[in-house]
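Here is the structure we will look at.
Letters A, B, ... are given to chains in the order of the sequence lines, protein chains preceding strands, and every chain is numbered from 1.
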Amino acid sequence: MRSHRCGDLRTTDEGAPVALCGWVHTRRDHGGVIFIDLRDVAGLVQVVFNFSEAPALQGAAEGLRSEFCVRVEGEVRRRKEGTTNEALATGEIEVAATSLEVLSVSATPPFQVDEHHDVEEMLRLKYRYLDLRRTRMQSNLQLRHAIVSSIRRFYDAHGFTEVETPMLTRATPEGARDYLVPARLHPGSFYALPQSPQLFKQLLMVAGLDRYYQIVRCFRDEDLRADRQPDFTQLDVEMSFVDREDVLAVTEAMFKQVWAEVLGAELQDFVRLTFAESMARFGTDKPDLRFGMELTDLSGALQQTEFRVFQAGKEEGGAVKAIVLGSQGGMPRKQIDALVEEAKALGAGGLVWIAVADEGLRSPVEKFLSEDEHRELPRAAAAKAGDLILIVADGHAEVVDRVLGSMRNRLGKHLGLVPERARADPEAWKFAWIVDFPWFERDEAAGAWTAIHHPFTGITPDTVDYLESAPEKVLSKAYDITLNGWELASGSIRIHDRALQERVLAALGISKEEAQARFGFLLDAFAFGPPPHGGIAPGIDRIVALAAGEDNIREVIAFPKTQSAADPLTGAPAPVDADQLEALHLALKPPGPT
RNA sequence: GCCCCAGUGGAGCAGCCAGGAGUGCUCAUCUCCCUGUCAAGGAGAAGGUCGCCAGUUCAAGUCUGGUCUGGGGCGCCA
């Protein structure tokens, strides 16, 4: 039907007769001559209908409208001097049309298919097939394919076997809320869609697969964010006879290959941070390492403080920390007030700001500070004259970290501390391994210890003895990859010892009977010579979003859902017929207060 | 569950703080003109119960309350 793709034509094709198929991108009607930009998957090319050369085409060409699907025959011509278009890859040539066939007409599109307008996301999703015609979305999907393709090549070359695992599986009460599927053949019972293939991949290790990977959809029924969809794609990996360094090395090599092949960036070795160091320096376990502005601990300088707000930071478990905004001492009061509001919205009681000047400190709390503190505070915060210090104090250190960490990430970009860099520039990509996570975290509401990673995560040998006596001191064999402030991957060396696994479940407050009911199949499998094993699961959507420079994973998913987990295109979720409910042994309760 | 932002002809915005006739801008649509444009240009036209429901007021796009939808975040996400 066609001889070339529109966007591929170059001056080397000059004189060639071509047949092109594509969509009318724009139309410029000059009366005796009409130009259209014809668009296909490869790009745009200008087609000329010149009615003195091809008078037969006049009627059809005048009838062309945006997004008509057409076939054009013609000849590739070099454009005359002064009429070339540098903005187009095909801008040195054009196609002089000799025939025009309208393959299908288009209604007036609900929005313009171009890169120049930001359209309401709801509308984009409702007409996603039009939204996806845009260059940005086409290149995002192509980039996604290139990344996944490179990932598969890597694991294929390293002895991994891709194995599929069930989509209809068993609910796991731990962790996120499950999506449930009623079982027609088992009245009252439900399958769950997998939150991840975690248990299956461990079983594959027991089965002797040795090295497994899978690019797999996972499902979590939790509230959405810019980096979270109810169904999302993971690169799931598991390896036998490995320790942490083996998994880290293979995974890091994979990322290096993908970045080299797809983005042309030769990555340096990943930085490594312990969880404790990351929290102390950046207030988060997913730090953006593209700029400084690290958190500083002011508790030393404020030992003797009389100021009540700062005293909160000296309480057991509390903290008083600061970030310094370089040369922002003159920030307008209105903007500072906005920062204070932001801190409060993030859970801080307030935000103390201090502008450092040559002649001293300027701050609403200046009068509460002693002479020593006037001298020591800027020094402890590493601030110089002209800087603005932002201080948060709270009885809970995690509040201080969360607030300052979050403000740091936002302000870093807002203040232009993150330089624009080319994709191929290794400096654009600040990968880091975060290691030595605590195993447990305290669920204050339930008054219980819960797993930070998951219940099958290994424990470092030197902290395993704290399992029963001091769970807060237990460190896990878990590791994360972070990139530019995003968590990209999470994994661990697993427990392969049945006795230890049972001790861990006991520490989580899960009884033997309960454990047997929930994960008995895994514990049973561990009775049959399980190999030491471990793995990792990078998020494909996040990897692609970062690589594409998007700040939302919806931009790299063909058919994503809205924040309320709905799909405006298909109308999902939707009610079902009474017949269907009947077959599933389900009766609906009217919605209402419970 | 909570906080913040947004909703105005088909699309994107302004108008709202400080109430006075649906006012304006860019694009799209329709008609006409135009042979070198390229997000073409020129002339004209059509198109809106200002998300929805209440309230305040002589008068509401504008003020108040509620609600729905979309987006960002907190909680949640082993």
Can you tell me the pairing partner of [N] across any strand shown, Watson-Crick or G-U wobble, with both distances under 3.5 angstrom?
| N | value |
| --- | --- |
| B:C13 | B:G24 |
| B:C38 | none |
| B:G19 | none |
| B:U69 | B:A6 |
| B:G1 | B:C74 |
| B:G47 | none |
| B:U56 | none |

Answer with base, sugar-phosphate or nothing: what part of the nucleic acid does [X] contact at a heavy-atom distance below 4.0 Å?
| X | result |
| --- | --- |
| A:Pro455 | base |
| A:Glu115 | nothing |
| A:Thr83 | base |
| A:Asp223 | base |
| A:Ala451 | sugar-phosphate |
| A:Arg494 | nothing |
| A:Thr457 | nothing |
| A:Glu94 | base |
| A:Thr84 | base |
| A:Arg410 | nothing |
| A:Glu120 | sugar-phosphate |
| A:Ser196 | base |
| A:Leu508 | nothing |
| A:Ile34 | nothing |

Does [X] contact [N] through a side-chain donor or acceptor facing the base, at a distance under 3.5 Å?
| X | N | result |
| --- | --- | --- |
| A:Arg225 | B:G75 | yes |
| A:Arg28 | B:U35 | no |
| A:Thr108 | B:U29 | no |
| A:Arg228 | B:C77 | yes |

On a whole-Å scale, what distance lies between the [atom1] atoms belonging to [N] and [M]?
| N | M | atom1 | answer |
| --- | --- | --- | --- |
| B:A60 | B:U23 | P | 16 Å |
| B:C27 | B:G73 | C1' | 33 Å |
| B:C32 | B:A46 | C1' | 15 Å |
| B:C58 | B:C13 | C1' | 33 Å |
| B:A18 | B:G65 | P | 14 Å |
| B:G15 | B:C76 | C1' | 40 Å |
| B:C34 | B:G71 | C1' | 44 Å |
| B:G47 | B:A28 | C1' | 12 Å |

So does [X] get a side-chain nitrogen or oxygen closer than 4.0 Å to the phosphate oxygens (OP1/OP2) of [N]?
| X | N | value |
| --- | --- | --- |
| A:Thr562 | B:G70 | yes |
| A:Gln563 | B:G72 | yes |
| A:Asn552 | B:G72 | yes |
| A:Ser406 | B:C74 | no |

Length of the line joining A:Tyr127:OH and B:G12:P, which is rounded to integer Å: 12 Å

Upstream residue (5' side of RNA chain B) when A:Arg79 and A:Gln112 are each assigned their closest nucleotide: A:Gln112

Whichever of A:Pro109 and A:Asp29 has its nearest RNA chain B nucleotide further upstream toward 5': A:Pro109

Among A:Lys477, A:Lys473, A:Arg244, salt bridge (charged side-chain N to carboxylate O under 4.0 Å, His left out) partner for A:Asp436: A:Arg244

Would you call [X] and [Y] a salt bridge, using N to O less than 4.0 angstrom?
| X | Y | answer |
| --- | --- | --- |
| A:Asp231 | A:Lys561 | yes |
| A:Glu94 | A:Lys80 | no |
| A:Arg10 | A:Asp13 | no |
| A:Arg408 | A:Asp288 | no |

Atom CD of A:Glu86 with >12 non-hydrogen neighbours under 6.0 angstrom: no

CZ (A:Phe68) with more than 12 external heavy atoms under 6.0 Å: yes

Parallel, tilted or perpendicular: ring planes of A:Trp449 versus A:Phe440, cut at 30 and 60 degrees: perpendicular

A:His30-B:G36 aromatic stacking (under 5.5 Å, under 30°): no

Among B:U35, B:C74, B:C30, the one nearest A:Leu346 by side-chain distance: B:C74

Working for side chain to side chain donor-acceptor pair (under 3.5 Å), residues A:Glu550 and A:Asn140: CA-CA 9 Å; A:Glu550 298 286 359; A:Asn140 283 355; 2.9 Å; yes

